[in-house]
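Structure first, then comments.
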Protein chains: 2
Amino acid sequence: MSAFKLHVPPAVTADTVIFTITDGKLKVLLVKRSRPPFVNSWALPGGFVRETETTEKTALRVLKDKAGVSSVYLEQLYSFDEPGRDPRGRVLTVAYFALVDFAKIKFVEEKNHEPSAFFGTRSLPKLAFDHAKIISYALQRLRYKVEYTNVIANLLPRQFTLSQLQEAYEVILGHKLDKRNFRKKFLTLGLVKPANAKVSGARHRPAQLFSFSKGGMVELKRFF
Amino acid sequence: MSAFKLHVPPAVTADTVIFTITDGKLKVLLVKRSRPPFVNSWALPGGFVRETETTEKTALRVLKDKAGVSSVYLEQLYSFDEPGRDPRGRVLTVAYFALVDFAKIKFVEEKNHEPSAFFGTRSLPKLAFDHAKIISYALQRLRYKVEYTNVIANLLPRQFTLSQLQEAYEVILGHKLDKRNFRKKFLTLGLVKPANAKVSGARHRPAQLFSFSKGGMVELKRFF
DNA sequence: CCAAAAGTGTTGACTGTACACCCATGT
DNA sequence: ACATGGGTGTACAGTCAACACTTTTGG
């Protein structure tokens with residue numbers, strides 16, 4: 001159907017690195033491949049672009065099918081087309097990364113689906129294709145981006161405690177942050193505002209809930 | 001020849017935003033299209049990926065053909081595949097951006113080549129396809145990147161005066177910088193080191209030449 | 001001797017970092 | 001009453017931003 005007969009184009013796929021936070025860890029969704037190549041290896045969820053799809057649509061479809069979520073933060077990461085990255089032939093993949101609040105995920109465990117699971121980014125299994133490289137690229141991007149934007153909002157519920165927020169940063173950046181300085185930063189920058197609700201029920205002082213003050217993406221001179 | 005018969009893949013091209021600095025301006029190389037679509041419009045240099053090429057190879061080939069340069073800074077920018085971006089059908093383009101020292105450019109003005117010229121980024125003509133969007137994306141990336149890396153080295157000759165370096169920053173960032181603070185920054189960070197040569201011949205005090213101290217890419221907490 | 005760009009330090013404001021104790025609750 | 005995580009302020013160091021005059025050369 002293509003109007004370009006000169007060259008046989010590469011096949012095009014979209015793969016998505018779906019990040020979420022649970023168990024105090026940053027995790028990535030992987031699916032176990034049920035067919036060759038790389039049968040039984042874990043791989044990023046992804047698929048071929050259909051004829052009426054953009055790569056972004058493909059990524060969204062996969063996100064819906066594999067993680068059961070539909071309104072999510074999704075950002076294009078990078079395109080990979082090294083020869084040999086797919087043993088079947090030339091495949092260009094446009095990689096995306098998504099940030100999802102773990103509470104919003106509905107695992108779609110239908111019979112015809114491949115098994116999928118979240119893996120901590122520090123304990124990944126062997127991965128199919130060049131997916132290890134893609135994940136490491138995504139991690140790097142995420143670490144950069146949380147330092148000068150409010151993207152991290154997408155990994156948290158609408159309301160959260162400052163300790164939860166701090167833990168999210170620590171898990172992503174891979175190091176501890178100072179509690180007093182952390183709170184000062186967010187409050188004086190006006191990035192978050194207190195909700196009128198607290199979390200009680202734990203056997204300690206109840207925590208104030210906050211939400212991000214701006215809805216969209218906010219960019220700042222980096223704050224760590 | 002593709003092993004994937006399920007879906008007709010989009011055509012794949014690579015377009016390159018080639019930046020250089022001359023006349024105290026940041027400029028971009030454009031070519032005048034000699035065939036439809038968009039005949040006689042200016043467009044980014046680019047082309048379809050050939051069967052044995054990666055998109056990066058395509059970008060390098062175009063760089064060689066259109067600007068006559070071969071060892072250049074080249075970085076993948078973003079992939080664009082909005083439907084309708086090419087009237088001929090589905091075309092995914094992987095956009096790259098390149099930084100070239102103007103002195104290294106050899107215009108390749110062969111008879112069968114389309115005319116090409118550098119345009120100041122503030123005075124671009126009407127552009128074919130979504131190339132205006134691609135350029136603005138590239139500009140944004142470049143502005144970010146010069147603030148926390150030494151990429152700017154690729155736009156300058158090996159040796160340069162601090163005034164030239166400062167001017168390069170000013171042209172890219174779009175605002176003046178303080179001379180004393182600028183010099184202090186670079187010298188105390190150790191990013192540049194003095195060469196043992198000066199520029200004389202102008203009717204003013206001769207300027208010390210410098211070169212970047214590290215060869216590869218250096219990343220820092222941003223410096224402006 | 002004049003025009004032109006090169007070169008050079010100090011100060012005050014602000015930002016980042018280190019650090020330790022009391023508070024409110026549930027059990 | 002005690003264990004648990006929530007919540008708070010200060011002081012010092014480092015970085016950033018503003019600012020003006022002298023130097024060296026060519027013409």
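Side chains are part of it too, since the values below use all heavy atoms of this structure and drop only hydrogens, waters and symmetry mates. Letters A, B, ... are given to chains in the order of the sequence lines, protein chains preceding strands, and every chain is numbered from 1.
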Item to complete: Determine whether the side chains of B:Y96 and B:T55 contain a donor N or O and an acceptor N or O closer than 3.5 Å.
Response: yes

Discussion item. Using OP1 and OP2 only, check whether a side-chain N or O of B:S163 sits under 4.0 Å from C:dA6.
Written reply: yes

Discussion item. Looking at A:R183, I'd like to know whether one of its side-chain N or O atoms comes within less than 4.0 Å of OP1 or OP2 on D:dG7.
Written reply: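 Indeed, a polar side-chain atom of A:R183 lies that close.
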
Discussion item. Taking B:E114 first and then B:K32, would you say they form a salt bridge - that is, a charged N and a carboxylate O separated by under 4.0 Å?
Written reply: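 B:K32 and B:E114: not salt-bridged.
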
Worksheet item: When you measure from the side chain of B:N181, which nucleotide among D:dA18, D:dT8, C:dG7 comes out closest?
Response: D:dA18

Discussion item. Using the side-chain heavy atoms of A:K184, tell me which of these nucleotides is nearest: D:dA17, D:dT10, D:dG7.
Written reply: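 Among D:dA17, D:dT10, D:dG7, the one nearest the side chain of A:K184 is D:dT10.
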
In whole angstrom, give the distance that lies between atom [atom1] of [X] and atom [atom2] of [N].
X	N	atom1	atom2	result
A:L187	D:dG6	CG	P	14 Å
A:E167	D:dG5	CD	P	11 Å
B:R180	C:dA5	CZ	C1'	15 Å
B:F186	D:dC16	CZ	C1'	15 Å
B:Q166	C:dA5	CD	P	13 Å
A:D178	C:dA20	CG	P	11 Å
B:F160	C:dA5	CZ	P	20 Å
B:F182	C:dG7	CZ	C1'	14 Å

Worksheet entry | Distance flag, aromatic centroids of A:F182 and A:Y169, threshold under 6.0 Å |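 Between A:Y169 and A:F182, the centre distance is under 6.0 Å.
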
Worksheet item: Between B:Y78 and B:F97, is the gap from one ring center to the other below 6.0 Å?
Response: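 No, the ring of B:Y78 stays outside the 6.0 Å limit from the ring of B:F97, centre to centre.
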
Could you pull out every donor-acceptor pair under 3.5 Å between side chains of residues 191-209 of chain B and any protein atom, sequence neighbours left out?
none

Item to complete: Scan nucleotides 21-27 of chain D nucleotide by nucleotide, 5' to 3', and note B when protein non-hydrogen atoms come under 4.0 Å of the base, S if they reach only the sugar-phosphate, - if neither.
Response: --BBBSS

Fill in: Partners passing ring-ring contact (aromatic ring centres under 6.0 Å, His included) against B:F119 (at least two apart in sequence or in another chain)
B:W42

Practice prompt. For A:T161, answer base if it contacts any base atom (sugar-phosphate contacts may also be present), sugar-phosphate if it contacts only those atoms, and nothing otherwise; contact means non-hydrogen atoms under 4.0 Å.
Written response: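 Nothing, no nucleic acid heavy atom in range.
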
Worksheet item: Is any side-chain heavy atom of B:Q164 closer than 4.5 Å to a side-chain heavy atom of B:P157?
Response: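 The answer is yes; the side chains approach within 4.5 Å.
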
